There are 2 protein chains.
Amino acid sequence: MQNAAATPNPNPSASRTRSRRGEGERLRDEVLDAAEALLSEVGSEDGVSMRAVAQRVGVSAAALYLHFPDKFSLMDAVCHRGFEHFASTIDAAAGSAADPLDALRRMGRAYIEFGLENPEKYKILMLQGDPERYASLPPDEMPGMDAFAMLVRRVGDAMDVGAARVADPFLVSVGVWTALHGIVTAMIVMESFPWPPVDQVIDQVVESQLRGLADGPGGPRRTKKVANRG
Amino acid sequence: MQNAAATPNPNPSASRTRSRRGEGERLRDEVLDAAEALLSEVGSEDGVSMRAVAQRVGVSAAALYLHFPDKFSLMDAVCHRGFEHFASTIDAAAGSAADPLDALRRMGRAYIEFGLENPEKYKILMLQGDPERYASLPPDEMPGMDAFAMLVRRVGDAMDVGAARVADPFLVSVGVWTALHGIVTAMIVMESFPWPPVDQVIDQVVESQLRGLADGPGGPRRTKKVANRG
DNA sequence: GACGTTCAGTGAACGCCGTTCACTTTGTAC
DNA sequence: GTACAAAGTGAACGGCGTTCACTGAACGTC
């Protein structure tokens with residue numbers, strides 16, 4: 001029985017030379033690289049130990065604490081580095097859209113694709129919420145908050161130009177986002193579920209959300225009160 | 001800084017007397033009770049250690065291994081005990097419905113409520129998927145599979161009586177379920193998100209899924225091919 | 001070129017964890 | 001009374017995150 005974390009260092013310590021004076025930050029990047037590689041090899045946060053990361057870099061475990069106060073911060077940094085362009089990627093996807101509703105459709109696809117391409121990071125960032133440290137952050141420092149703000153804006157746009165029913169854009173955005181989040185989460189975690197082809201699932205979720213947004217001649221089935229929020 | 005797991009045994013060992021011959025199973029239930037209590041106090045699987053469970057029961061840590069081969073099995077048993085009536089609760093919710101579409105609405109609400117009332121267990125069961133052990137289970141042994149099968153049947157019913165657009169019931173059910181799952185997951189994990197009142201969110205998600213299901217005079221915006229699946 | 005400082009990093013330890021195993025205690029059947 | 005099996009113990013193993021006193025090299029200064 002093999003354990004990926006126990007695999008001897010593929011980049012052994014012999015190769016690493018101590019940083020020169022003033023180059024201490026070099027280690028920080030090396031650590032992030034090693035942690036990221038280890039994470040995607042092992043697939044879960046628990047499988048990535050500080051000792052294993054250190055060994056792969058070719059450094060003692062204590063050295064990691066020169067740059068990260070604890071393991072949580074290290075994993076956090078890894079994930080944030082991976083999600084640096086999350087919001088902009090999603091927003092860019094909307095760029096080539098024909099109309100605001102189409103923009104939302106493209107954003108939805110981009111969100112799901114991004115999540116499925118970075119499963120370990122998505123899991124850690126969005127599912128691991130250590131209530132003590134994460135959940136107590138101010139809302140605007142939460143992981144996908146900038147991406148969410150864009151979604152709210154886009155939903156508002158769609159309503160402004162009459163492409164979507166008038167409703168509370170915040171509430172609608174919560175619905176859209178949780179639906180996207182649900183599909184990413186479920187597909188990541190429950191690998192053995194007999195998922196239909198991913199494109200079909202994306203279509204199903206995104207389209208049904210959009211149908212909900214823009215219901216045509218039938219008119220709204222229910223009136224929602226419009227509210228303003230941050 | 002206090003650690004709930006380190007709290008001294010509120011049911012100290014003095015009170016427990018060794019089981020009589022043939023009563024070994026007694027310990028099993030006591031362990032499950034203690035683990036469940038600890039889990040809901042601490043809120044995460046990691047916070048529940050075998051030693052802490054044992055201490056609370058008033059027994060050595062090794063004794064737990066007489067009834068559970070490892071920690072995973074213990075947590076699994078705790079969660080399954082909590083979710084024993086998951087499927088039936090959800091199905092019961094549909095019982096009093098006026099029509100098949102209303103039945104789906106009530107099931108959705110029941111699903112979300114059940115999840116929000118058992119957050120730790122929902123997290124472990126649905127989010128912790130240890131790929132090595134869980135994900136490789138045969139599909140019909142996955143946690144909520146019986147509940148999902150009911151959903152597929154109900155969606156099929158709605159289509160049969162003409163209450164919903166004709167489509168692939170399996171695919172539609174995946175969409176409905178992932179949406180419900182998304183909202184439960186997100187609300188459990190991201191506590192500090194400025195959630196709208198839970199009833200509004202439930203309405204938003206469930207209704208938009210149902211609007212997608214039953215689109216009236218406008219007719220289907222897109223045709224889906226109908227497929228059959230186990 | 002010796003000196004002190006400071007940066008970059010080490011090695012051993014602490015207390016926790018899941019798990020194992022040789023062992024004891026206890027009740028019962030013969 | 002004795003043998004046996006069930007019920008449970010205690011100490012240990014290796015791994016974990018983290019801390020802390022310490023070291024060796026590089027640099028500015030005299």
Side-chain angles (χ1 to χ4, degrees), chain A residues 1-8 13-31 34-35 38 42 44-77 128 130 132-133, chain B residues 1-9 13-31 34-35 38-39 42 44-76 78 128 130 132-133:
Chain A
M1 203 166 293
Q2 304 204 75
N3 181 351
T7 303
S13 66
S15 77
R16 172 172 165 98
T17 56
R18 189 196 192 95
S19 295
R20 315 282 289 271
R21 204 89 175 268
E23 290 181 351
E25 287 302 303
R26 207 189 90 202
L27 178 56
R28 189 188 151 90
D29 286 338
E30 292 179 9
V31 168
L38 220 38
V42 180
S44 91
E45 183 168 9
D46 285 346
V48 178
S49 75
M50 296 298 265
R51 284 173 164 91
V53 172
Q55 188 195 351
R56 176 167 293 218
V57 174
V59 108
S60 78
L64 306 194
Y65 292 86
L66 298 173
H67 295 280
F68 305 95
D70 51 32
K71 184 182 179 181
F72 178 91
S73 303
L74 169 56
M75 300 312 286
D76 200 50
Q128 222 88 318
D130 178 354
E132 311 281 318
R133 310 184 68 163
Chain B
M1 205 162 292
Q2 305 204 74
N3 181 350
T7 303
N9 185 356
S13 65
S15 76
R16 173 173 163 97
T17 55
R18 189 197 191 96
S19 294
R20 314 284 287 273
R21 205 85 177 271
E23 290 180 352
E25 288 301 303
R26 205 188 92 202
L27 178 56
R28 190 189 152 90
D29 286 339
E30 292 178 9
V31 168
L38 219 38
L39 178 60
V42 180
S44 90
E45 183 168 9
D46 285 346
V48 178
S49 75
M50 296 298 265
R51 283 173 165 91
V53 172
Q55 188 195 351
R56 177 167 293 217
V57 175
V59 108
S60 78
L64 306 194
Y65 292 86
L66 298 173
H67 295 282
F68 305 94
D70 51 31
K71 184 182 180 182
F72 178 90
S73 303
L74 169 56
M75 300 312 286
D76 199 50
V78 169
Q128 222 89 316
D130 178 354
E132 310 281 319
R133 310 183 67 162

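Since this is a predicted model, take the numbers as computed values, not measurements.
Remark: P of D:dA7 and CG of B:Leu27 are 10 Å apart, rounded to the nearest angstrom. To the nearest angstrom, P of D:dG17 lies 6 Å from OH of A:Tyr65. Look at CG on A:Leu64: it is 14 Å from P on C:dG11, rounded to the nearest Å. Atom C1' of nucleotide D:dG15 and atom CG of A:Asp46 are separated by 13 Å, given to the nearest angstrom. If you take CZ of B:Phe72 and C1' of C:dC17, they are 18 Å apart, rounded to a whole angstrom. Atom CG in B:Leu38 sits about 10 Å away from atom P in C:dC17, given to the nearest Å. Straight-line distance from the CZ atom of B:Arg16 to the C1' atom of D:dT9: 13 Å, rounded to whole Å. As a whole-Å value, the separation of B:Asp70 CG from C:dG18 P is 11 Å.
Between B:Leu74 and B:Met50, the shortest heavy-atom contact is CD2-SD, 3.9 Å. Among all heavy-atom pairs drawn from A:Ala77 and A:Arg28, the shortest one is CB-NH2, 4.3 Å. Across every non-hydrogen atom of B:Val57 and B:Ala34, the tightest pair is CG2-CB, 3.5 Å. Across every non-hydrogen atom of B:Leu39 and B:Met75, the tightest pair is CD1-CE, 4.0 Å.
Contact check, A:Ser49 against D:dC16: a side-chain N or O comes under 4.0 Å of OP1 or OP2.
Here C:dT19 is the nucleotide among C:dG9, D:dG8, C:dT19 with the atom lying nearest to any side-chain atom of B:Lys71. When each of D:dG17, C:dG9, D:dT9 is scored by its nearest atom to the side-chain atoms of B:Ala62, the top-ranked nucleotide is D:dT9. For A:Met50, taking side-chain heavy atoms from C-beta onward, the closest of the listed nucleotides D:dG17, C:dT20, C:dA8 is D:dG17. The A:Leu66 side chain lies nearest to C:dG9 when the options are D:dT9, D:dT18, C:dG9.
A:Arg51 contributes no side-chain N or O that forms a donor-acceptor pair with the base of D:dG15 under 3.5 Å.
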Taking only nitrogen or oxygen atoms into account, show me every contact under 3.5 Å that the protein makes with nucleotides 21-24 of chain D, one pair per line with its distance.
residue	atom	partner	partner atom	Å
D:dG24	N2	A:Arg18	NH2	3.2

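Between A:Asp76 atom CG and A:Gln128 atom CD the span is 11.5 Å, to the nearest 0.5 Å. Atom CZ of A:Arg18 sits about 11.0 Å away from atom CZ of A:Arg26, to the nearest 0.5 Å. For the atom pair A:His67 NE2 and A:Glu30 CD, the distance stands at 9.0 Å (nearest 0.5 Å). A distance of 9.5 Å separates CG in B:Leu38 from CD in B:Gln55, rounded to the nearest 0.5 Å.
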Under a 3.5 Å cutoff on both atom distances, Watson-Crick or G-U, what's the dot-bracket for DNA chain D ([ ] crossing, | other strand)?
||||||||||||||||||||||||||||||

